[in-house]
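These notes concern the structure reproduced below.
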Amino acid sequence: MRKVAIIGVGMTEFGEHWDKSFRDLTAEAGVRAMEDANLAGTKIDALYGGTMAAGRLIGQEHITALIADHMGLNPIPATRVEAACASGGVALRQGYMAVASGIHDIVVVGGAEKMTDVPVNDAAAALGGAGDQEWELFLGATFPALYALMARRHMVEYGTTEEQMAAVAVKNHLNASMNKYAHFQSKVSIETVMKSKVVSDPLKLFDCSPISDGAAAVILAPLEMARQFTDTPVEILASAQASDTLALSSRKSLTELRATKVAARKAFEQAKLAPADIDACEVHDCFTIAEIMAVEDIGFFPKGAGGKATAEGETAIGAKIPINTSGGLKGCGHPVGATGVKQAVEIAWQLRGEAENGRQVKGAEIGMTHNVGGSGATCVIHVMKRAD
Ligand SMILES: CC(C)(COP(=O)(O)OP(=O)(O)OC[C@H]1O[C@@H](n2cnc3c(N)ncnc32)[C@H](O)[C@@H]1OP(=O)(O)O)[C@@H](O)C(=O)NCCC(=O)NCCS
């Protein structure tokens, strides 16, 4: 296995882009990443693209063929990767494995989704297909409803409160206000979150990630070649993925994601590191309760202590473990296929010391991304380090 590095990153602003198409967004992110890597398109050997529901949301299948064509990358292999909201993270893992194995040298990994061209109910139905369509969505359980069940159970078992969940939203909106690419640029208070409309009790509007458009891209190369392109390569130390049951009703526990626990354990083993070694982590906060469960399941805090730790500020920038410096899915937005790649973009900026507007974690050397598909049936984790 060869060591693999990220040599370039780029993303579009996340938000409602009624003036840009799917292909415009992917090209914008891809060109920014190629410029960042000082790389001509002729050097790229393969493309992996993560998108969840382009067929449902924009009526376009065969999406990576479109992107390769639009970006003038033909005839390189262009492969679509779909794993619901983890499509981007799993695409990154495919690109990582292709470079690590020696099959390809320079690989571009993209993630994109265009969600606001359809009414929100249609977007919710498309997203709901990432759960068990026959036993959950058909019976009315959309994603806010599934995570509301997890939230309620977490409250019963560990005494987690709605105010503690609100603290996740307050922190992530604050971080997003320092990120020019974020969907939401405004700070919110606990009171605003608590008074926002109920979406699926106990989750309110500000407990939910939004419906967003956006794209992100990273360029991978063997570490031994990385310095031909950049002075600041970021090495991928570990890439781990795990799966769990699709339906919540089949799980032993509603208060943990087993796929996260397994992927995190494997990732720490590969990287020969422990949770205490991580300087910044992007976790999959599709709902505020999801961030609380993630910081517990990864091992930053004991089970049941994630809500209290968040409310006490332990996951803020400058505190014990900065979580979601980008604003996370909650504040930065969640164009589902793009999210896993955007997490890698943010961690690369953190490790290169380039996170702007006051959200840089001082001296960050090791970072982590945690990307979840559906209600936890897929989890993919990457650990990265500033290359020496
Ligand atoms: C929560 C949700 C239902 C809100 O949708 P909606 O009620 O149609 O909201 P609208 O698009 O009409 O927006 C109404 C207002 O709320 C804001 N808003 C929308 N979603 C928001 C969110 N998640 N957080 C904060 N504000 C939000 C909008 O900006 C808009 O503000 P404005 O009136 O100042 O312009 C929708 O964002 C949603 O389904 N989120 C979950 C997405 C999801 O399940 N993703 C997959 C996770 S696994």
Side-chain angles (χ1 to χ4, degrees), residues 14-18 51-53 56-57 82-89 111 113 115-133 136-137 140-151 165-166 168-177 182-190 192-214 244 246 248 257 259-260 283-291 293-294 327-340 343 370-380:
F14 281 7
E16 293 185 39
H17 287 297
W18 292 340
T51 186
M52 174 186 164
R56 293 273 303 257
L57 296 169
E82 191 274 306
C85 306
S87 298
E113 213 77 55
M115 303 179 76
T116 67
D117 287 353
V118 296
V120 72
N121 286 351
D122 292 355
L127 292 166
D132 190 321
Q133 197 281 337
E136 291 175 338
L137 183 65
T142 59
F143 264 90
L146 294 175
Y147 274 89
L149 289 172
M150 296 190 232
M165 290 190 261
V168 173
V170 171
K171 169 185 65 71
N172 289 351
H173 270 261
L174 173 66
N175 292 352
S177 74
H183 187 144
F184 295 121
Q185 296 288 328
S186 54
K187 300 173 198 167
V188 297
S189 64
I190 294 277
T192 310
V193 181
M194 294 297 289
K195 285 190 174 160
S196 60
K197 70 178 175 183
V198 173
V199 174
S200 185
D201 186 52
L203 300 180
K204 297 169 277 297
L205 179 69
F206 280 89
D207 288 299
C208 304
S209 57
I211 306 277
S212 314
D213 304 325
D244 198 359
L246 201 60
L248 278 191
L257 296 190
T260 294
V283 307
H284 197 94
D285 59 321
C286 48
F287 300 93
T288 51
I289 187 62
E291 176 167 319
M293 292 198 298
L329 286 56
K330 174 70 208 77
C332 189
H334 186 27
V336 285
T339 284
Q343 294 177 324
H370 162 261
N371 189 198
V372 170
S375 58
T378 299
C379 178
V380 58

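Side chains are part of it too, since the values below use all heavy atoms of this structure and drop only hydrogens, waters and symmetry mates. Read the numbers this way: they start at 1 and go in the same order the structure lists the ligands and their atoms.
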Backbone or side-chain N or O of [X] under 3.5 Å from ligand 1 N or O:
{"X": "C208", "value": "yes"}
{"X": "H334", "value": "no"}
{"X": "H284", "value": "no"}

Students should be able to answer this: which protein heavy-atom is nearest to [atom], and at what distance?
{"atom": "atom 40 (N) of ligand 1", "answer": "S209 O, 2.9 Å"}
{"atom": "atom 26 (N) of ligand 1", "answer": "F184 CZ, 3.6 Å"}
{"atom": "atom 47 (C) of ligand 1", "answer": "C286 CB, 3.6 Å"}
{"atom": "atom 16 (O) of ligand 1", "answer": "L205 CD2, 3.8 Å"}
{"atom": "atom 24 (N) of ligand 1", "answer": "K330 NZ, 3.0 Å"}

Worksheet item: Taking non-hydrogen atoms only, is K197 closer than 4.0 angstrom to ligand 1 via side chain, backbone, both or neither?
Response: side chain

Fill in: Contact partition for V372 relative to ligand 1, non-hydrogen atoms under 4.0 Å
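Contact part for V372 vs ligand 1: neither.
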
Discussion item. Check contact between A124 and ligand 1, using heavy atoms of the residue and a distance below 4.0 angstrom.
Written reply: no

Worksheet item: Is it true that the side chains of T260 and H370 contain a donor and an acceptor less than 3.5 Å apart?
Response: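 Yes, H370 and T260 have a side-chain donor paired with an acceptor closer than 3.5 Å.
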
Discussion item. Regarding K330 and E291, does a basic nitrogen lie under 4.0 Å from an acidic carboxylate oxygen?
Written reply: no

Discussion item. What's the separation between atom CG in L203 and atom OG1 in T288, rounded to the nearest 0.5 Å?
Written reply: 6.0 Å

